[in-house]
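Here's the structure we're looking at; comments come further down.
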Amino acid sequence: MVQDRSLWTQIDLQPIKERTTDRLVANLAHKFRSFLCNLNLRDCVRVTPSSLRYIGECRNLQELSLSGTKQINADVVNDIGLGCKNLLYLNLAGCSFDDGVLRVLARHYVNIQYLSLAGCTGFTTAGVYYFMVGQGLHKLSHLDISGCTQMTHEGMRYIARGCPLLHSLVLNRLTHMKDESLYFFTKYCPNLRALHLRHASSLTDTAFAHIAENLPRLKTLCVEGNAKITGASIKMVGRGCPDLIHLFIIDCVHMCDLGLKGFSTTRGLRVVNLGDCVRISDHGVRNIVDGPSGPMIRELNLTNCLRVGDTTLFRVAQRCQSLAYVRFCYSEFVTDAGVELLGNMQALRSLDLSGCAVGDAGLASLGNNPNFRNIALSECSQITDVGIQKMCSRLLLLETLDISYCVNVTDYATKFLAFSCRELVRLNIAGCSQLTDTSVSYISGGCHYLSHLNISNISNLTDKALRFLRRGCKLLQRLNVTVCPNITYGAIQRVETGGCVVSHSIDIKEMKLGPILPLSQTHKRPMSVGYSIFPIPNHA
């Protein structure tokens with residue numbers, strides 16, 4: 001069955017990147033050259049040009065990822081381009097190459113539609129010039145040049161003129177990009193549907209005025225970390241781009257309620273992320289929720305929107321009946337009164353109320369929705385065992401729960417949690433200082449599907465807790481025991497032998513070398529032969 005070549009149309013070598021060698025790549029490319037359609041060599045740093053040339057034999061190859069491969073040159077790209085005429089997807093993110101590679105791309109890659117050059121800083125404006133004058137790259141529909149900080153104003157113009165069919169453009173981490181550079185894309189690429197501008201911090205309201213004027217078909221807009229844009233320009237985008245589906249305005253400190261007023265007539269919004277926009281209030285959010293998009297919104301993120309409170313939750317519960325994922329983190333005006341309304345929204349699957357003023361009454365109301373899969377209640381200091389008991393007793397299908405740093409939670413709550421929510425896959429109880437080894441015994445006895453567990457910063461836990469986990473949680477993949485002073489390195493090693501990755505704060509180097517003594521104490525009596533710096537394994 002393994003020899004059946006039809007099963008080798010897709011080969012992903014990233015999971016074994018440390019063991020991937022030239023011989024392996026050459027053998028696979030040569031043996032399955034007629035069937036191979038998708039090849040992933042991401043971060044395979046041991047692969048050299050001598051084996052990459054064999055990829056050119058794969059005449060039917062359509063998708064190729066060389067992201068993170070260090071030894072990419074024009075000869076390799078030329079051989080691949082001559083052989084793989086049907087290549088549609090090419091990922092060169094993080095590779096180091098010069099202008100010669102871009103020259104070859106523009107000459108031979110006539111059918112390429114997806115190209116990623118993210119983090120590639122070796123080429124110059126002279127290489128980008130081939131985007132405009134070459135025969136290839138004119139069919140590009142997706143381009144990612146994130147982190148290419150050497151890009152100049154002229155280079156942006158060359159790309160915009162040479163790729164008029166672009167539908168998706170990623171310009172993240174271009175901190176020096178000016179308004180005029182973005183204007184070229186809005187002018188020469190009128191079919192743009194998705195535009196990503198994370199940490200493009202030099203853009204001003206003028207750039208977004210160009211977006212509103214020239215990109216009426218835009219469906220996805222992502223802006224993050226920009227302190228220069230204001231609500232006035234975002235309002236223009238809302239009026240000029242009526243087909244928006246995904247809206248991400250994150251960490252823009254001058255974004256205010258005025259900007260959201262422009263989306264009051266937008267009909268197709270599905271995802272709205274306004275995280276860290278601290279000036280947004282209930283009035284601004286109401287413009288979106290009460291508009292035509294309200295009943296269609298599937299995801300709403302208002303993390304760190306400090307002025308948002310129960311009024312927004314009331315409108316959301318009334319209007320957003322399709323809402324499945326919502327976050328109201330760190331808003332002191334979100335209380336039990338608003339959370340009780342969310343408990344009646346049967347479409348909700350994921351809820352994050354971390355840092356909110358939520359108590360036991362709010363948790364009890366969440367139990368009214370048995371469809372919850374993910375709930376985060378981190379740093380909700382008013383929560384006690386009673387609230388956890390009432391909530392978990394009815395959420396039998398819960399998969400992810402975060403109650404970290406809920407300092408009033410005790411072993412009593414963990415007992416109901418473990419034996420009610422038996423489908424848990426991820427659990428975070430870090431910083432719950434009153435928990436003991438008994439809580440871990442309940443978890444290991446009831447949550448047999450657990451794969452990720454965080455029990456860090458709990459001083460009462462000992463090696464006995466890890467013994468319980470080894471016996472009951474056979475599927476555990478990741479465990480965090482950072483700042484657990486009573487857990488020894490020997491117990492951690494025994495957990496790791498089962499294939500679990502354990503994060504801890506024990507200084508292994510200091511354990512092996514011992515404490516560094518002053519020069520006057522280095523001639524003390526030698527260590528006893530029978531003494532060991534590692535604890536004796538407990539096989540009981």
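No hydrogens, no waters, no symmetry mates; every other heavy atom, side chains included, goes into these values.
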Do Ser393 and Ser420 meet the criterion of a side-chain donor-acceptor pair at a distance under 3.5 Å? no

dist Ile458:CD1 -> Thr482:OG1 (nearest 0.5 Å) comes out at 11.5 Å

Can you tell which of Asp282, Asp310, Asp290 makes a side-chain hydrogen bond (donor to acceptor under 3.5 Å, both in side chains) with Arg315? Asp290

Does Arg478 have more than 12 heavy atoms from other residues, nucleotides or ligands lying within 6.0 Å of its CZ? no

Under the ring-ring contact (aromatic ring centres under 6.0 Å, His included) test, residues paired with His246 that sit two or more places apart: none

List in chain and number order the residues that pass side-chain hydrogen bond (donor to acceptor under 3.5 Å, both in side chains) with Thr384, two or more places apart in sequence or in another chain; answer none if no residue qualifies. Asp360

For His452 and Thr400: C-alpha separation, side-chain torsions, deciding distance, then whether side-chain contact (heavy atoms from CB on, under 4.5 Å) applies. CA-CA 9 Å; His452 291 69; Thr400 302; over 6 Å; no

Mark yes when over 12 heavy atoms from residues, nucleotides or ligands other than Arg373 sit less than 6.0 Å from its CZ; otherwise mark no. yes

Does Ser141 have any side-chain hydrogen bond (donor to acceptor under 3.5 Å, both in side chains) partners at least two apart in sequence or in another chain, and if so, which? none

Ile234 side chain reached by Phe263 side chain, heavy atoms, under 4.5 Å: yes

Stepwise side-chain hydrogen bond (donor to acceptor under 3.5 Å, both in side chains) check, Ser378 with Ser404: CA-CA 5 Å; Ser378 177; Ser404 57; 2.8 Å; yes

Take atom CZ of Phe248 as the centre, draw a 6.0 Å sphere, and report whether it contains more than 12 heavy atoms from other residues, nucleotides or ligands. yes

Side chain to side chain donor-acceptor pair (under 3.5 Å) contacts touching residues 231-244 (sequence neighbours left out): Asp205-Ser233

Inter-residue atom distance Leu41.CG - Leu64.CG, 0.5 Å rounding: 6.5 Å

Is the number of heavy atoms from other residues, nucleotides or ligands within 6.0 Å of NE2 (His199) greater than 12? yes

What distance separates Asn457 CG from Ile455 CD1, expressed to the nearest 0.5 Å? 11.5 Å

Any residue meeting side-chain hydrogen bond (donor to acceptor under 3.5 Å, both in side chains) with Glu63, in chain and number order, not counting sequence neighbours: Asn38

Sequence neighbours left out, what pairs pass side chain to side chain donor-acceptor pair (under 3.5 Å) with at least one residue falling in residues 254-267? Asp257-Ser281

What class does the angle between the rings of Tyr114 and His142 fall in, given that below 30° is parallel, 30 to 60° is tilted and above 60° is perpendicular? parallel

Neighbour count above 12 (heavy atom, 6.0 Å) for Arg426 CZ: no

